[in-house]
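To start, the structure itself, in structure tokens.
The first residue of the sequence shown is numbered 1, and numbering continues consecutively from there. Just the heavy atoms: all of them, side chains too, but no hydrogens, waters or symmetry mates, feed the values below.
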Amino acid sequence: MPKASEIKKNSAVEYDGKVYFVRDIERSVPQGRAGGSLYRMRMYDVVTNQKKDETFKDSDMLNLADLVRRPVTFSYADGNECVFMDSEDYTPYSLNREAIVDELLFVSEETQGLQVILVSDAPVALDLPPTVDLEILETDPSVKGGSATARTKPAKLSTGLVVQVPEHISIGDRIRVNVDERRFLSRA
């Protein structure tokens with residue numbers, strides 16, 4: 001049983017007799033208190049997808065739920081559902097578009113390293129690799145000699161995500177994007 005301080009984002013925990021998926025964690029250190037940190041966790045019920053915000057002390061013990069990660073590739077979108085195909089046994093997994101709206105900004109047909117997270121054999125979330133390669137669809141024209149400066153310009157990528165890129169990058173270039181920080185890393 002891990003402490004609340006050891007729980008990471010995208011973990012599944014058992015709490016109040018239900019399984020919750022931890023989507024966001026905020027750590028705060030109260031002033032003037034001899035105790036430890038507080039961890040405010042935004043959790044979603046894996047069955048009903050209802051949101052629950054809870055605050056735990058760093059020493060509170062939580063149960064991890066049985067969690068399975070399967071490698072997948074994006075297959076197609078069908079209305080409100082996005083279908084991912086298991087890379088090993090070709091099992092299709094459907095996820096609600098609203099549940100993974102932030103992750104979809106980094107997903108295209110070519111995205112490698114995707115994993116679907118299963119709790120009790122039901123898909124509940126999508127786990128992204130640390131970096132993804134995406135193509136630039138819209139940006140201002142490239143500036144000759146722009147690589148010598150640190151100035152940036154906005155670029156719209158093939159998934160709809162907008163990131164700041166150096167001036168020498170142009171339309172059609174494939175770039176590597178850091179998923180957590182949503183920022184340009186390099187040309188792909």
Side-chain angles (χ1 to χ4, degrees), residues 1-30 33 35-109 111-132 134 159-162 177-183:
M1 281 180 45
K3 296 179 181 178
S5 61
E6 298 167 353
I7 299 293
K8 303 285 183 229
K9 188 176 168 184
N10 291 341
S11 298
V13 295
E14 292 179 17
Y15 182 71
D16 283 347
K18 295 182 180 177
V19 177
Y20 290 95
F21 196 69
V22 179
R23 289 275 170 85
D24 198 25
I25 301 174
E26 291 179 18
R27 180 178 177 257
S28 63
V29 182
R33 218 176 126 209
S37 303
L38 295 177
Y39 292 86
R40 181 177 173 84
M41 297 186 190
R42 175 158 288 166
M43 307 183 296
Y44 289 83
D45 188 312
V46 297
V47 178
T48 64
N49 206 33
Q50 285 186 318
K51 180 175 74 169
K52 183 177 185 85
D53 288 333
E54 283 292 327
T55 303
F56 301 98
K57 295 179 195 161
D58 58 357
S59 60
D60 288 348
M61 303 298 270
L62 294 170
N63 280 335
L64 285 178
D66 187 25
L67 192 70
V68 177
R69 294 175 188 269
R70 298 290 300 171
V72 294
T73 55
F74 177 68
S75 191
Y76 62 93
D78 182 24
N80 266 353
E81 297 289 314
C82 291
V83 179
F84 296 86
M85 190 70 66
D86 191 304
S87 300
E88 294 169 1
D89 65 9
Y90 305 109
T91 304
Y93 297 110
S94 292
L95 288 165
N96 188 315
R97 182 183 295 271
E98 292 175 13
I100 59 170
V101 69
D102 288 339
E103 289 87 349
L104 286 177
L105 290 173
F106 300 97
V107 176
S108 69
E109 285 85 6
T111 305
Q112 299 295 313
L114 294 173
Q115 291 184 324
V116 69
I117 298 171
L118 305 171
V119 175
S120 305
D121 291 331
V124 294
L126 188 63
D127 195 22
L128 297 171
T131 62
V132 294
L134 297 169
T159 59
L161 179 69
V162 176
V177 178
N178 179 309
V179 171
D180 289 335
E181 298 173 9
R182 293 184 178 214
R183 69 179 182 87

Does a sphere of radius 6.0 Å around CG in D89 hold more than 12 heavy atoms from other residues, nucleotides or ligands, not counting ones at 6.0 Å or beyond?
yes

Test item: [X] and [Y] side chains (from C-beta on) under 4.5 Å apart, heavy atoms:
X	Y	result
V72	L126	yes
L38	D58	no
K52	D45	no
D102	R182	yes
R97	L104	yes
R42	K51	yes
E81	N96	yes
L114	T73	no

Where is the tightest heavy-atom contact between [X] and [Y], given as atom of each residue plus distance?
X	Y	result
A4	K57	CB-O, 3.3 Å
I25	K9	CD1-N, 3.7 Å
G113	P129	O-CD, 3.7 Å
A125	R23	CB-NH2, 4.3 Å
T159	V107	CG2-O, 3.3 Å
L105	L134	O-CD1, 4.0 Å

Begin with the C-alpha distance, continue with both residues' side-chain angles, and end with the deciding distance and a verdict on side chain to side chain contact (heavy atoms under 4.5 Å, CB included) for V22 and V13.
CA-CA 7 Å; V22 179; V13 295; 4.1 Å; yes

Point-to-point distance, once rounded to the nearest 0.5 Å, from [atom1] of [X] to [atom2] of [Y]:
X	Y	atom1	atom2	value
I7	M41	CD1	CE	5.5 Å
I100	D127	CD1	CG	12.0 Å
E6	L62	CD	CG	10.0 Å
E14	L64	CD	CG	8.5 Å
F74	S108	CZ	OG	9.0 Å
S11	F21	OG	CZ	7.5 Å

Show your working on side chain to side chain contact (heavy atoms under 4.5 Å, CB included) between D78 and Y76 and close with a plain yes or no.
CA-CA 7 Å; D78 182 24; Y76 62 93; 3.8 Å; yes

Between R40 and D53, is the closest basic N to carboxylate O distance under 4.0 Å?
yes

Judged by atom type as modelled, is there a donor-acceptor pair below 3.5 Å linking the side chain of D16 to the main-chain atoms of K18?
no

For the pair R70 and E88, evaluate salt bridge (Lys or Arg N to Asp or Glu O under 4.0 Å) and give the outcome as yes or no after the intermediate values.
CA-CA 8 Å; R70 298 290 300 171; E88 294 169 1; 3.2 Å; yes

Do Y15 and E54 have side-chain atoms, one donor and one acceptor, less than 3.5 Å apart?
yes

Does the ring center of F84 lie less than 6.0 Å from the ring center of Y93?
no

